[in-house]
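Just so you know, ligand 1 is whichever comes first in the structure, and atom 1 is the first atom listed for that ligand.
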Amino acid sequence: MGQVEGKSIIVTGGASGIGAACARVLAREGAKVLVTDIDAAQGEEVVADIIRKGGSAAFLKQDVADEKRWPEVVDEAVSRWKKLDGLVNNAGVGLAGSILDFSLEDWRRQMAINVEGVFLGTKYAVKTMKDTGGGSIVMMSSVAGFVGSPRLAGYCAAKGAVRLFTKAAAMECAQFDWNIRVNSVHPGIIDTPIWTKIPMGGQQFNQPAGANALDPNQLAQIGAPLKRAGKPEDIANAVLFLCSDASSYMTGTEMVIDGGILAR
Ligand SMILES: NC(=O)c1ccc[n+]([C@@H]2O[C@H](COP(=O)([O-])OP(=O)(O)OC[C@H]3O[C@@H](n4cnc5c(N)ncnc54)[C@H](O)[C@@H]3O)[C@@H](O)[C@H]2O)c1
């Protein structure tokens with residue numbers, strides 16, 4: 001019997017990195033997983049791999065910042081699997097740059113995906129879950145939701161917003177006895193493609209001269225007390241626990257998985 005046997009769970013941003021690992025680990029532990037992402041090709045591949053290994057999964061293309069799409073995504077999970085037990089609000093982008101020249105357009109785009117996407121997902125998941133027996137919602141925040149980083153002001157603002165939105169949503173769900181738990185996860189430096197998508201030279205983050213992409217393993221040697229980057233599965237294991245009934249007394253709280261970064 002898997003740890004989330006029979007549960008119906010949506011994972012956003014499930015085509016890559018942490019989201020793909022969450023989808024795989026949840027499916028391995030018996031969940032039916034609806035993977036969504038803007039990247040259909042890679043999302044379909046993750047789902048095909050899950051099915052090949054005997055799991056249950058489906059893919060839907062979704063931009064989490066588009067409100068119209070959310071009820072369709074939730075309805076798809078419910079029509080396939082009768083209910084919605086979990087939502088992993090994972091999709092996100094990391095845009096870096098100095099406060100002095102960061103564009104308002106980029107600020108708004110990052111907020112739309114990293115914060116508004118999380119609000120919208122929670123809104124439509126709660127609407128359904130409260131009438132179908134409850135569930136668990138997990139937000140992918142970051143250590144950047146606790147502490148500031150130079151050149152990441154917009155990202156820190158977004159992840160900090162997610163951290164407090166989580167607590168407010170948890171309080172509302174508790175007040176009305178909807179049996180819905182809401183918690184946030186805070187990864188440190190995790191080895192995923194997100195680092196290669198940050199459009200700036202590695203030198204900006206004290207990488208070796210000449211580096212033009214950020215290398216999470218090099219960053220972690222200096223930045224994390226465990227001196228290595230985490231793996232996407234390290235985060236997926238925490239998400240698995242929060243989606244499972246083993247965490248049934250946890251709501252409104254934070255799970256930090258960061259190789260010790262915040263302990264210093
Ligand atoms: N990797 C890290 O070190 C790290 C650390 C802390 C927090 N996080 C957070 O973890 C989450 C996953 O990041 P990752 O490292 O796996 O990155 P990733 O780039 O590997 O994966 C992110 C996924 O989100 C998708 N996505 C982007 N915009 C989207 C949109 N508008 N709608 C739907 N999907 C969209 C991308 O296509 C991609 O598949 C993000 O919220 C990120 O901020 C990552």
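In the vicinity of Ala15, heavy-atom distances shorter than 4.0 Å reach the ligand 1 atoms 39 (O). The ligand atoms of ligand 1 that sit less than 4.0 angstrom from a heavy atom of Met140 are 9 (C), 10 (O), 11 (C), 41 (O). Listed by number with element, the atoms of ligand 1 under 4.0 Å from a non-hydrogen atom of Gly13 are 23 (C), 24 (O), 25 (C). Near Asp63, meaning under 4.0 Å from one of its heavy atoms, ligand 1 places the atoms 30 (C), 31 (N), 32 (N). Counting atoms of ligand 1 from 1 in the listed order, those under 4.0 Å from a heavy atom of Ile190 are 1 (N), 2 (C), 3 (O). Numbered from 1 in the order shown, with element, the atoms of ligand 1 that lie under 4.0 Å from a heavy atom of Gln62 read 32 (N), 33 (C). The Trp195 neighbourhood of ligand 1 comprises atoms 1 (N), 2 (C), 3 (O), with distances under 4.0 Å to a heavy atom of that residue. Close approach of ligand 1 to Gly17 is summarised as follows: ligand atoms under 4.0 Å from at least one heavy atom of the residue are 16 (O), 20 (O).
Residues Ser244 and Gln3 have side chains that never bring a donor and an acceptor to within less than 3.5 angstrom of each other. A donor atom on one side chain and an acceptor atom on the other are found under 3.5 Å apart for Asn89 and Thr122.
Under a 4.0 Å heavy-atom criterion, Pro193 is in contact with ligand 1. Ligand 1 is approached by Ile113 to a heavy-atom distance shorter than 4.0 Å. Using a non-hydrogen distance threshold of 4.0 Å, Ala144 does not register as a contact of ligand 1. The shortest heavy-atom distance from Lys159 to ligand 1 is under 4.0 Å. Heavy-atom distances between Ser141 and ligand 1 reach below 4.0 Å in at least one pair.
Between Pro187 and ligand 1, no pair of N/O atoms sits closer than 3.5 Å. In terms of polar-atom proximity, Ser142 is not counted as a contact of ligand 1, lacking any N or O under 3.5 Å from an N or O of the ligand. The shortest N/O to N/O separation between Asn114 and ligand 1 does not fall below 3.5 Å. At a 3.5 angstrom cut-off on N or O pairs, Val64 counts as close to ligand 1. Checked against a 3.5 angstrom limit, the closest N/O atoms of Ala65 and ligand 1 fall outside it. Between Asp39 and ligand 1, no pair of N/O atoms sits closer than 3.5 Å.
From the protein, the heavy atom lying nearest to atom 8 (N) of ligand 1 is Tyr155 OH, 3.6 Å.
The pair Arg109-Glu105 fails the salt-bridge criterion, with no side-chain N (NZ, NE, NH1 or NH2) lying under 4.0 Å from an Asp/Glu carboxylate O. Between Asp63 and Arg69 there is no salt bridge, since no side-chain N of the basic residue sits under 4.0 Å from a carboxylate O of the acidic one.
Taking 4.5 Å as the limit, some side-chain heavy atom of Met139 sits within range of a side-chain heavy atom of Phe165. Counting heavy atoms from C-beta outward, Asp245 and Lys7 have side chains that approach closer than 4.5 Å.
The two residues Leu60 and Glu72 make their nearest non-hydrogen contact at CD1-O, 4.5 Å. Across Ser142 and Tyr155, no two heavy atoms sit closer than the pair OG-CE2, 3.8 Å. Between Ala220 and Ala229, the shortest heavy-atom distance links the atoms CB-N, 3.3 Å. Between Ala21 and Pro232 the shortest heavy-atom distance is CB-CB, 3.6 Å.
The part of Lys197 lying near ligand 1 is the side chain, judged by heavy-atom distances below 4.0 Å.
Under the side chain to side chain contact (heavy atoms under 4.5 Å, CB included) test applied with Val138, the options Cys243, Cys22, Ser184 reduce to a single match, Cys243.
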Derivation of the salt bridge (charged side-chain N to carboxylate O under 4.0 Å, His left out) call for Asp258 and Arg264: CA-CA 11 Å; Asp258 69 347; Arg264 296 207 261 231; over 6 Å; no

